[in-house]
Structures are given as structure tokens and as C-alpha cells.
Visitor: 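One structure coming up, written as C-alpha cells, with questions to follow.
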Amino acid sequence: MAGALLCGGLAVCQTVTGLGAMVHDAWHFPGMVMATPGGLGPARPDDATLLPGALGTGVDMEQVSSREGGHDMFGAPLRQAVRDGAVRPAQLQAMGMHVLASFYMAGSLDHPPAFTPAHAAASPPVADTLVSDVEAEGAVLLQNENRVLPFDPALGPVLVLVRAPMRHAADLLADELRHAGLGVSVVVAADGANAPGTLPPATAQAARTLVLSGTDADNRMISTLADLGGHVVVVLTGDDPDRQMPWLDMVDSVVQAWAWRDAHARPLAALLSGQQEFSGHLPVTLTGGFYPPGMVDADYRAFERAHVAPLFPFGYGLSARGHLTLSDLHVVREGTHLNASFSVTNPDGTAVRAIPQLYVSPSSDQAAPRRLAAWRSIMVAPGHTLRLTLPVSLRLLAQWNAPAANWAVAAGDYAFSLGFSSVMLVRHADVRLPAMHLPAALDMAAD
């Protein structure tokens with residue numbers, strides 16, 4: 001839900017069956033799929049033969065780290081694969097269009113970052129890169145009681161509390177927060193038999209404390225800290241959707257930063273200090289470790305079938321600056337596709353970015369649950385109203401008809417719901433559809 005989509009390295013990306021078709025056909029996302037550093041492992045002579053398999057899943061670009069010894073799968077191996085005919089020119093053209101679309105959506109074409117010569121004197125790296133933007137837009141603000149975030153320098157210093165393994169990351173984050181004008185100090189909670197309930201003395205005097213937490217092992221420490229009465233912000237640095245949060249009602253703010261790494265201290269600091277707005281929304285359901293009886297996964301549709309609200313639903317995400325309102329939802333059919341139009345209003349005094357989401361429920365005689373049909377990331381200026389139209393593929397309402405090798409849409413009423421998560425749905429519209437048969441999707445890799 002940002003300028004680009006990230007997956008965990010070429011070796012990981014190629015294990016996701018139908019990645020490209022899902023992103024571009026089902027989600028109507030025009031931007032690129034970018035693999036994080038790591039490639040396909042150490043450089044090998046047969047890299048050119050390994051690359052087509054990764055590209056065939058839908059990867060458009062690889063983020064290369066200088067620590068990989070210059071091993072760039074999209075350099076010499078890609079050129080060799082093109083010469084050998086393993087990667088076709090039409091595929092390269094499609095990849096290039098996806099990359100350009102991401103730069104366009106991120107604003108890099110209209111407002112390119114300043115050029116810094118390689119021989120320039122030592123200075124902080126440029127912060128407004130596409131990768132930093134993607135990392136920042138992926139962080140999700142889950143809770144912000146008392147508007148503790150963004151941190152206001154006028155309200156005094158911030159104490160950063162971590163376990164010893166997170167000390168280096170905490171120091172980097174503290175440096176970036178200091179560059180933003182905040183007074184910051186870092187303390188480490190001791191390990192040992194009494195560590196979960198024992199806090200450094202400095203926490204007793206801190207008015208605002210930021211905790212970097214990776215696992216449930218920190219829960220008792222966070223609860224003990226919250227009992228001291230100061231304002232507490234918890235940044236979750238792990239990817240576990242079942243992360244328990246028994247302290248949720250005791251702390252002020254919670255940020256899901258995923259597998260946060262040292263290199264991303266700057267975008268995280270920009271969010272915490274208010275230099276950049278929170279705009280991320282959850283791509284998964286955060287269950288808090290609680291499942292209804294018989295449920296075996298955390299899919300948002302499984303919670304919908306069980307009529308149970310999860311701790312934080314799929315698509316959820318807050319803004320620290322304001323909120324948007326949705327109105328006037330209309331859905332109409334035009335041939336073999338649908339158009340959903342609605343208005344988005346910003347009643348607040350600052351610009352707000354959010355992601356309106358459209359969900360569809362099939363006719364009552366079908367067993368399928370509600371599912372995401374379309375979405376759009378938008379920025380709305382203060383006091384303005386935008387009118388948006390989102391296309392919806394009728395294949396999202398269909399079932400695969402194997403004998404005829406096509407998609408079959410059952411006749412009946414379909415309910416469309418609009419909101420800012422899979423459960424926060426505030427506008428609704430119904431559409432009656434006739435029985436229809438749609439052709440199978442075309443192969444994206446074809447010339």
C-alpha cells in the first residue's frame with residue numbers, strides 16, 4: 001500500500017506463486033515489486049540461469065547492499081539472461097514501467113532528491129530515497145492516546161528503553177531523533193532472573209519513554225514501565241501477527257515497525273518526530289494471540305466468518321495528524337467491470353494521507369466471505385474533498401469454472417462496503433448482477 005511493494009530477497013520472492021498476477025491483476029497496483037538485499041546468495045557462475053525464475057514471479061527491481069561485494073543480480077546476470085533469450089524484451093519493458101510508476105507515485109519524478117557527488121565530504125546519507133519512503137510508509141500507527149506522537153521537543157527529553165541486543169539500533173535511532181531536535185537518552189534493561197520486572201532507575205523519572213520491543217518476553221517490562229505513570233510509546237520490531245499486548249490499555253502509543261533494521265533509523269525517527277506522516281496500513285491481521293474456536297489462521301476473512309473482531313484488523317492504520325471522512329458511495333457496472341466512486345473529505349487543519357478500502361460480499365447463497373476489492377493511497381489537503389473512482393474486476397466476485405476454463409459470476413445482489421480497514425466500514429452500496437462468464441486472465445509474461 002505504498003509507492004512499491006517489498007519482498008524478502010529474490011530467493012524468497014520466487015517462492016510466492018503468482019506474485020505478479022496477484023499484485024498487478026487482482027490488486028490493480030501499477031508500481032514495482034522490489035526485492036530486499038540478498039539476491040540469490042553469493043555470486044556464482046550460473047547466476048544468469050537462476051535469475052529468470054525469480055523474475056518470472058513478478059520481481060521488478062532488487063535493492064542491492066554495498067555489503068554484498070557488488071553482487072548485483074540485475075547487472076551482469078540480467079544482461080547475460082537477455083542475451084541468452086531467457087528473459088524477453090517485453091518482460092524488461094513491463095518491469096521498467098512498474099519501476100517508473102513507483103517513482104511517479106512516490107513523487108520522485110516531480111521532486112527528485114538532490115544530487116550529491118560521490119566525492120563529497122562525509123555527511124549524512126540522503127534521507128528521501130525511495131527505499132526510505134517505502135520503509136516509512138510500511139510502519140503502522142496502531143494507537144496514539146493523548147496524541148503523544150509525534151514527539152514534541154518542547155515537552156522535554158525522551159528516554160529510549162531497550163534490551164541489550166537492541167542497544168545498537170537504539171543508539172542509531174536516538175541519534176536521528178536528536179537531529180530532529182529532541183533530547184534523547186538510551187538505557188538498557190538488565191537481563192537475568194529478575195529482569196522482566198526490574199527497570200533502570202532512570203525510568204522512574206522519565207515523562208516520556210520509547211520502548212523498542214521485539215518479542216513477548218518484553219511484555220512484563222512494558223507493563224511495569226506503564227505502572228510508573230509516564231507516557232509510554234511501544235515500537236514493535238518483530239513480524240509476529242500473534243504478538244500479545246497485555247499492556248495495550250496501559251500505554252499511550254503503539255507502532256508496528258515490522259522487522260526494523262538499523263539502516264532504517266532515519267525513516268522511523270522521521271515518523272516519531274513528525275517530519276513524516278504515518279500512512280501505513282496493516283497487510284495482515286494482528287490477533288494478539290487470540291483465535292475463535294476452530295480457527296487455524298489469522299486471515300481477515302476467517303475472522304469475518306467467525307464474526308469475531310481481531311485485536312487490530314487487516315487494513316488498519318492511524319494518522320497522527322488528523323482523519324478523513326468517506327461519503328457518497330456509488331457502484332455501477334460497465335460491461336464486464338465495476339466502477340466504485342466515493343468522496344473523501346479532510347475536515348482537519350493539516351494534510352492527511354490515508355488508504356480508503358473497498359470490500360465486497362457475495363450474494364447470500366454463496367459461502368465466500370467479504371474480501372478486499374480495491375483501494376487507493378491518497379493525500380487530502382486540509383478542508384478539501386476529493387471524488388475518487390476505483391475499478392473493480394468482476395473476477396473478484398467469481399468462482400473458477402474448471403470445465404469451461406473461465407470465471408463464473410453468480411446472479412444476485414452484491415454488497416460493497418467502504419472504510420479504512422476490514423472491519424471499520426462506514427459506507428455501503430448494493431449492486432444486482434446477472435449471471436456472467438468471464439475469460440481467464442491473460443499471461444502477463446506474454447509478448
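In this text the structure is predicted, and so the values were computed from the model without any measurement.
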Visitor: Are the side chains of Asn339 and Val331 in contact, using a 4.5 Å heavy-atom criterion?
Guide: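 Val331 vs Asn339: side chains apart.
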
Visitor: For Asn144 versus Ser253, what's the shortest heavy-atom pair and its separation?
Guide: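 So the two residues come closest at OD1-OG, 2.7 Å.
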
Visitor: What's the verdict on side-chain hydrogen bond (donor to acceptor under 3.5 Å, both in side chains) for Asp252 and His231, showing C-alpha distance, side-chain angles and the deciding distance?
Guide: CA-CA 6 Å; Asp252 296 276; His231 293 297; 3.2 Å; yes

Visitor: Atom CG of Leu149 and atom CG of Leu271: how far apart are they, to the nearest 0.5 Å?
Guide: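 Reported value, rounded in 0.5 Å steps: 9.5 Å.
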
Visitor: Should we say atom CE of Met250 is surrounded by more than 12 heavy atoms from elsewhere, each under 6.0 Å from it?
Guide: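 Yes, CE of Met250 has more than 12 neighbouring heavy atoms, counting only those of other groups under 6.0 Å.
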
Visitor: Report the distance from atom CG of Leu92 to atom CE of Met97, rounding to the nearest 0.5 Å.
Guide: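 Here the rounded value is 13.5 Å.
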
Visitor: List for me each residue that meets side-chain hydrogen bond (donor to acceptor under 3.5 Å, both in side chains) alongside Arg353, sequence neighbours excluded, and say none if there are none.
Guide: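 If we apply the side-chain hydrogen bond (donor to acceptor under 3.5 Å, both in side chains) test to Arg353, skipping adjacent residues, the hits are Ser377.
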
Visitor: If you take all heavy atoms of Phe420 and Leu324, which pair is closest and at what distance?
Guide: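 Shortest heavy-atom separation between Phe420 and Leu324 comes out as CE1-O, 3.6 Å.
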
Visitor: Tell me every residue that passes side-chain hydrogen bond (donor to acceptor under 3.5 Å, both in side chains) with Ser185, counting only those two or more places apart in sequence or in another chain.
Guide: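 Ser185 satisfies side-chain hydrogen bond (donor to acceptor under 3.5 Å, both in side chains) with no other residue.
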
Visitor: Do other residues, nucleotides or ligands put more than 12 heavy atoms under 6.0 Å from His337 NE2?
Guide: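 Enclosed: over 12 neighbouring heavy atoms sit under 6.0 Å from NE2 of His337.
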
Visitor: At their closest point, which heavy atom of Val188 faces which heavy atom of Pro200, and how far apart are they?
Guide: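 Nearest heavy atoms, Val188 then Pro200: O-CG, 3.5 Å.
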
Visitor: Using a strict cut-off of less than 4.0 Å between a Lys/Arg side-chain nitrogen and an Asp/Glu carboxylate oxygen, indicate whether Asp216 and Arg243 qualify as a salt bridge.
Guide: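 A salt bridge links Asp216 with Arg243.
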
Visitor: Are Ser341 and Thr389 close enough, and set up right, to give a side-chain hydrogen bond (donor to acceptor under 3.5 Å, both in side chains), and what steps lead you there?
Guide: CA-CA 4 Å; Ser341 60; Thr389 299; 4.9 Å; no

Visitor: Show your reasoning for whether side-chain contact (heavy atoms from CB on, under 4.5 Å) applies to Arg371 and Leu396.
Guide: CA-CA 8 Å; Arg371 67 175 299 178; Leu396 296 176; 3.5 Å; yes

Visitor: Just how far is it from atom CZ of Arg427 to atom CG of Asp328, taken to the nearest 0.5 Å?
Guide: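 Between atom CZ of Arg427 and atom CG of Asp328 there are 8.0 Å.
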
Visitor: Scan Val232, Val211, Leu159 and name whichever one has a side-chain contact (heavy atoms from CB on, under 4.5 Å) with Thr203.
Guide: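 The side-chain contact (heavy atoms from CB on, under 4.5 Å) with Thr203 is passed solely by Leu159 among Val232, Val211, Leu159.
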
Visitor: List the steps, then state whether side-chain hydrogen bond (donor to acceptor under 3.5 Å, both in side chains) holds for Arg321 with Thr350.
Guide: CA-CA 7 Å; Arg321 295 178 179 171; Thr350 59; 5.6 Å; no

Visitor: Restricting to non-hydrogen atoms, name the atom on Ser417 and the atom on Leu425 that form the minimum distance, rounded to 0.1 Å.
Guide: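 Shortest heavy-atom separation between Ser417 and Leu425 comes out as CB-CD1, 3.7 Å.
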
Visitor: Provide the closest heavy-atom pair for Pro153 versus Gly181 in the form atom of the first, atom of the second, distance.
Guide: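 Smallest heavy-atom distance, with atoms named: CB-O, 3.5 Å.
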
Visitor: Considering residues, nucleotides and ligands other than Asp249, do more than 12 of their heavy atoms fall under 6.0 Å from its CG?
Guide: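 It does not: Asp249 CG has 12 such atoms or fewer within range.
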
Visitor: Checking side-chain contact (heavy atoms from CB on, under 4.5 Å) for the pair Thr224/Trp247: CA distance, chi angles, key distance, verdict?
Guide: CA-CA 9 Å; Thr224 303; Trp247 36 259; over 6 Å; no

Visitor: Applying side-chain contact (heavy atoms from CB on, under 4.5 Å), run through Leu311 and Phe290 and close with a yes or a no.
Guide: CA-CA 8 Å; Leu311 185 64; Phe290 298 103; over 6 Å; no

Visitor: Compare every heavy atom of Val409 with every heavy atom of Leu394, then report the nearest pair and how far apart it is.
Guide: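 That would be O-CG2, 3.7 Å.
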
Visitor: Report the C-alpha separation of Val234 and Ile222 in whole Å, then their side-chain angles, then the decisive distance to 0.1 Å, and conclude whether the side-chain contact (heavy atoms from CB on, under 4.5 Å) test is met.
Guide: CA-CA 8 Å; Val234 179; Ile222 297 171; 3.9 Å; yes

Visitor: Please verify the inter-ring angle class for Phe29 with His24; under 30° counts as parallel, over 60° as perpendicular, anything in between as tilted.
Guide: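 Ring orientation of Phe29 relative to His24: parallel.
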
